[in-house]
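Below: one structure, written as structure tokens.
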Amino acid sequence: MNKYEVLKKYFGYENFREGQERLIDAMLGGRDVLGIMPTGAGKSICYQIPALLFPGITIVISPLISLMKDQVQALNQAGVHAAYINSSLTENQIAKALQLAAAGRYKIVYAAPERLETYGFLDFARQAEISMLTVDEAHCISQWGQDFRPSYLKIVQFLKQLDRRPVVSAFTATATENVKEDIICVLDLHNPEVLVTGFDRKNLYFAVETPRKKDEFTLRYIQEHEGESGIVYCATRKNVDMLYEKLAAQGVAVTKYHAGLHNEERKKNQEDFIYDACPVMVATNAFGMGIDKSNVRYVIHYNMPQSLENYYQEAGRAGRDGEPSECILLYSAQDVAINRFLLDNKEENQDFTEEEAIAVRERDEERLRSMHYYCLTKNCLREYVLRYFGETGNGDCGNCSNCQREYESVDVTETAGKIVSCIREMRGRYGINVVAGTLAGDDRAKLREYGVAAYPSYGSLKDMTEAGIKQIINQMLIEGILEVTKDKYALLRTTDKAEKVLIGEYAVVMKELKKTPVYESDKNDRMRSGVSGSSKKRISDILNSRGLKLFEQLRSLRIEIAKEESVPPYIIFSDKTLTDMCVKAPFNKEEMLRVSGVGENKFERYGERFLQKIDEFTNGVKEKFYFGEWEEMQGNSGKEKGFAEAWNGGGGKAKMPKEDFYLTREQADQFPYAEKYLAAELAEQLNGLRNEERVKKVSGAEIFRRMQAEGYVKEKITDGIWKKSVSPEGEAAGLFIGMRESRKGTEYEDVYYNEKAQRMILEWFVK
Ligand code: ADP
Ligand code: ZN
């Protein structure tokens, strides 16, 4: 067998994903490798395929028992002999497993790092032919990360004790330079093939919502996603209990988890969730460690978390199978107060000196602030997160709530000037509430006490609401025109940039949600459309109503089989596989094998039962279970790709599908040429000219991709950071690299388009 045959036979996939092949080829060629890829990118297949092709055994070191169990179950389901050896087994079981392993019963053996130095394990490893040693979650070896595990250092000792050094492969999702160097150095990888793909989780849709009633919003969202699995994170136990009661009262199959529950109950609830008995979990951030449930379709944050680090980790539990999933943060101004309260009451580490304690507190405040700005920004959320973690995005991902909303730009420089004046008059003595109250000319007791009416700025923005003023102040904070003191009082101050605002050299532009008739006529609709911007990728947008019924039946069958085999349902077939099964509605083995994710072994086990279900449902009559727009995917040879594209493809909800972006000649003539635009700015200008009702938006990312395709720009990852460059042809076409300023005031490079390039791009779109 070759690698393609293995991919098809055991995993049911037709094509490799980006990067997988390169690593697999290197391992098969006897080289060490290091793969740094985000969760869901498909790391496991990278080492499992060579493992199946090597003559000997592959040992996989993994830190978490639950992860090992999951992987081994999945492999066994796929027809691969695999086992794990860790402390969840008795000594007898371990001895037995090692005996079988030494006899060559297993192709892949998972082990916890602590095992490596036990005599029994070493004995086995010396007897058997070990072709490869794979280190999963390899960042655990680095003392730089927060997940350092001293036991990982034992791997090196272990390798030295083998007669022949096997291929060593290491995988992680942590991409910092320090960690990467540590892995290569400490593990002593020999001239490894290193693959770093970005931090971006492309299958995740990010949204910030500000519903008036969070509980109603959540309930509604869950009901609209019935049958799908999701997690709702709350900041406090009290919130968890409250929301759990409310959802349960409405008949939602929900369970809960927090540190206040008894061990037994926690364990049971966790299992109910993993096995889809209760697909919805309401929990505090105590939940999630070591949970590898791969078909979580959404993560809702009922409250804003304390940092983007926390947020990205928690939200990242959605879509581990690489399928489209949604991460929705429900923001209210109160969340900031809750978090500050939590920080104030955080247990202090007794070992800290006072200085250290202050530094930690300041860092926490800073993180909270960055998190807060994430909730306020009107720009691309993905870009915001990536930049926070030191990568760059495209400025316009097209798959977050901000990229999908229609905003209008409003120049508020004059108002910003008044805010600057006010803060200067106050000499940085007050925070946002007092400043906004003063500008609005409010007369509440607190303000009277401070005597703010004496400031010349008092009431200078009295036509505005305090909330409106605060929005602009926040925007100014994000842009670095204002800053706040690092302590918890967060007193407002102006920066050097403020001067430029006063003299009109720097324009402050706010994005405001465009009011369309739909939004005004139906508030609920607005709520829905806010979220379901991404809904075009949901199952309900691919399958028609009959298709959804079939899907339900297949899902029940999946749960039934999962119970019989005592494995989680997602290990039988993924959601995507079931969806594709509805689309292809196979009637025989040959057709069934064409479904993405159905390999031969899975077919042998369950194929007939699923075929029978489909036969019952259709009475043997061919029928179309999906919307028309997906017709073209039938007969698509590149299965994984064809399906993924369709899945990610255009909106299925609208009766009249919108056309891809174009402009008429008359519209194009209105284009406001400028000295330079970024791709995202260019897209915004272009979108402003189109016929909104009939024509889809174009995104900066699309423009950029086209530039890539033309060979005008290149994007390369060095050290985990995307860098863009312009080719000579690109320069000739009018593209150039310029500096941009980030939120934190640091500069970075991006591609600009001059007037010549703007004309060229415009012409592409003229119909
Ligand atoms: P990671 O370990 O990087 O988080 P996994 O190895 O768990 O990711 O893979 C995520 C999902 O993607 C799994 O459901 C896996 O079966 C699927 N997958 C991996 N490679 C491919 C591929 N080439 N084609 C289709 N699906 C794939
Ligand atoms: Zn975006």
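Heads up: numbering here begins at 1 and tracks the sequence. Just follow the structure's listing: the first ligand is 1, and inside any ligand the first atom is 1. Just so it is clear, the values below take in all heavy atoms, side chains as well, and ignore hydrogens, waters and symmetry mates.
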Query raised in the report: Stepwise, does the side-chain hydrogen bond (donor to acceptor under 3.5 Å, both in side chains) test hold for Lys107 with Thr58?
Result: CA-CA 6 Å; Lys107 229 26 216 163; Thr58 292; over 6 Å; no

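Interface of Asn15 with ligand 1, defined as ligand atoms under 4.0 Å from a residue heavy atom, comprises 22 (C), 23 (N), 24 (N). Close contacts of ligand 1 with Ile45, meaning ligand atoms under 4.0 Å from a residue heavy atom, involve 19 (C), 20 (N), 21 (C). The ligand atoms of ligand 1 that sit less than 4.0 angstrom from a heavy atom of Pro38 are 3 (O). Residue-ligand proximity, Arg320 to ligand 1, at heavy-atom distances under 4.0 Å covers atoms 10 (C).
To the nearest 10 degrees, the Zn ion (ligand 2) sees SG of Cys380 and SG of Cys400 at an angle of 120°. Angle SG(Cys397) to the Zn ion (ligand 2) to SG(Cys403), rounded to 10°: 120°.
Other residues, nucleotides and ligands place more than 12 heavy atoms under 6.0 Å from the NZ atom of Lys3.
Taking the side chain as every heavy atom from C-beta outward, Val385 and Phe206 never approach each other to under 4.5 Å. Looking only at side-chain heavy atoms (C-beta outward), Arg605 and Glu565 come within less than 4.5 Å of each other.
With salt bridges taken as basic N to acidic carboxylate O contacts below 4.0 Å, none links Arg297 and Glu326. For Glu209 and Arg405, the salt-bridge test passes: some basic side-chain N is under 4.0 Å from an acidic carboxylate O.
Which of Phe11, Tyr13, Tyr570, Phe16 comes nearest to atom 15 (C) of ligand 1 through a heavy atom is settled by distance: it is Tyr13.
By the 4.0 Å heavy-atom criterion, Met37 is excluded from the residues contacting ligand 1. For the pair Ser294 and ligand 1, no heavy-atom separation below 4.0 Å is found.
The shortest N or O to N or O distance between Ser44 and ligand 1 is under 3.5 Å.
Within the cation-pi definition used here (under 6.0 Å to the ring centroid, within 45° of the axis), Lys697 does not qualify as a partner of Phe661.
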